[in-house]
Amino acid sequence: MNQKITYELPNGISLEIKREDLLHPFISGNKFRKLKYNLLQAKIEKQETVLTFGGAYSNHIAAVAYAGKEQGFKTIGVIRGDELGDKIAENPTLQFAQECGMQFEFITRDAYRLKTETNFIANLKDKFGSFYLVPEGGTNEYAIKGCEEILTEEDAKFDYVCCAVGTGGTISGIINSALPHQKVLGFPALKGDFLKDEIRKFATKENWELITDYHFGGYGKVNKELIQFINQFYRQTEVPLDPIYTGKMVFGVIDLIQKGYFPHNSKILLIHTGGLQGIQGMNTLLKSKNKTLIEVQ
Ligand SMILES: *Cc1c(COP(=O)(O)O)cnc(C)c1O
């Protein structure tokens, strides 16, 4: 569903947001798209267990845990940070995943870096038996296929499609289904230039660009300006944004509009990829530092 954004914008620019965050109450936005064909494939392969990877506040971990419960898979989450095992009660994401029945394997950050290596995966198979592996963030060819379903015929009128970028899976699907007259702008939520190569692995076209100025210091990093923007955007539009991905992307788009980046009368579509479950965890962190909290939801 696309929603018009009533926001004071210069140069005849119009803005709509695709509310992928409303697709499912617990399997948030793009994670729903990314899991769809992966879980179908797991069924085809007759796997009973789905194993995946993620950080402490991962939207993907929460989504896999809930989808597993809903569709009858056992789920295992390999979690980055061996110190988190004692802190599940303080972490809303891990607590939610555990309540859905997910079993955790907490590993050190060093071990986590090896997670795509054959040996590492063989050790997990020894420990847990056979499983269907979904990579970190859910990104693989099945995820891209699901994300190609985000844009539909009604979106042909837009000149620009903007989305947040983590591993690059979502934007790859969007690029593949965008029309020739459309340009796809990705806003990475993290630092680093490896993303372009990741996207080129899956994307079949060249009609895209990464805007790397709005990561706010890196993955999971926020500042007061961003939090205030998210709160103000919510008051003005009633659209809640998350602080890790969509908040940074929408901040970036509005900033670029105000700086005159887009041609006059551009029609821009923002993709709301969800991630709202992360607000609670971020607020716990902000509260412990006595900082301004996110007021949405
Ligand atoms: C995971 C996530 C992303 C990043 O998606 P990728 O396919 O990894 O690039 C963007 N937005 C939200 C809300 C997410 O949860």
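All ligand and atom numbering here is 1-based and tracks the order in the structure. What you are looking at is a predicted structure, and each value in this text was computed from that prediction instead of being measured.
- Closest to atom 4 (C) of ligand 1 among all protein heavy atoms lies Gly166 N, 3.4 Å.
- For residues 75-101, the pairs satisfying salt bridge (Lys or Arg N to Asp or Glu O under 4.0 Å) are Glu83-Arg109, with sequence neighbours left out.
- Within the 4.0 Å heavy-atom criterion, the part of Lys31 lying near ligand 1 is the side chain and not the backbone.
- Heavy-atom contacts of Val165 reach the following atoms of ligand 1: 9 (O) (cutoff under 4.0 Å).
- Only the side chain of Asn30 comes within 4.0 Å of ligand 1, judged by heavy-atom distances.
- Near Gly275, meaning under 4.0 Å from one of its heavy atoms, ligand 1 places the atoms 13 (C).
- For the pair Gly29 and ligand 1, no heavy-atom separation below 4.0 Å is found.
- For atom 11 (N) of ligand 1, the nearest non-hydrogen atom of the protein is Thr273 OG1, 2.6 Å.
- Proximity to Gly274 (heavy-atom distance under 4.0 Å) selects the following atoms of ligand 1: 13 (C).
- Here the side chain of Asn123 pairs no donor or acceptor atom with the backbone of Phe120 at under 3.5 angstrom.
- Proximity annotation for atom 12 (C) of ligand 1: of Phe187, Phe202, Tyr245, Tyr245 comes nearest, heavy atoms only.
- Glu148 and Lys145 are not joined by a salt bridge, as no carboxylate oxygen comes within less than 4.0 angstrom of a charged side-chain nitrogen.
- Of the polar atoms of Ser28, none of the N or O atoms is found under 3.5 Å from an N or O of ligand 1, judged by distance alone.
- Atoms of ligand 1 found under 4.0 Å from any heavy atom of Gly169, numbered from 1 in the order shown, are 6 (P), 7 (O), 9 (O).
- In this structure, Ile211 is a member of the same hydrophobic cluster as Tyr219, with clusters built from ILVMFWY side-chain heavy atoms closer than 4.5 Å.
- In this structure, Phe251 has its ring center no closer than 6.0 Å to that of Phe233.
- No side-chain donor-acceptor contact under 3.5 Å links Lys221 to the backbone of Phe216.
- Under the 30°/60° scheme for interplanar angles, the aromatic rings of Tyr112 and Phe53 are found to stand perpendicular.
- At least one heavy atom of Lys34 sits less than 4.0 Å from an atom of ligand 1.
- Sequence neighbours left out, the pairs with a member in residues 224-251 that pass salt bridge (Lys or Arg N to Asp or Glu O under 4.0 Å) are Arg235-Glu295.
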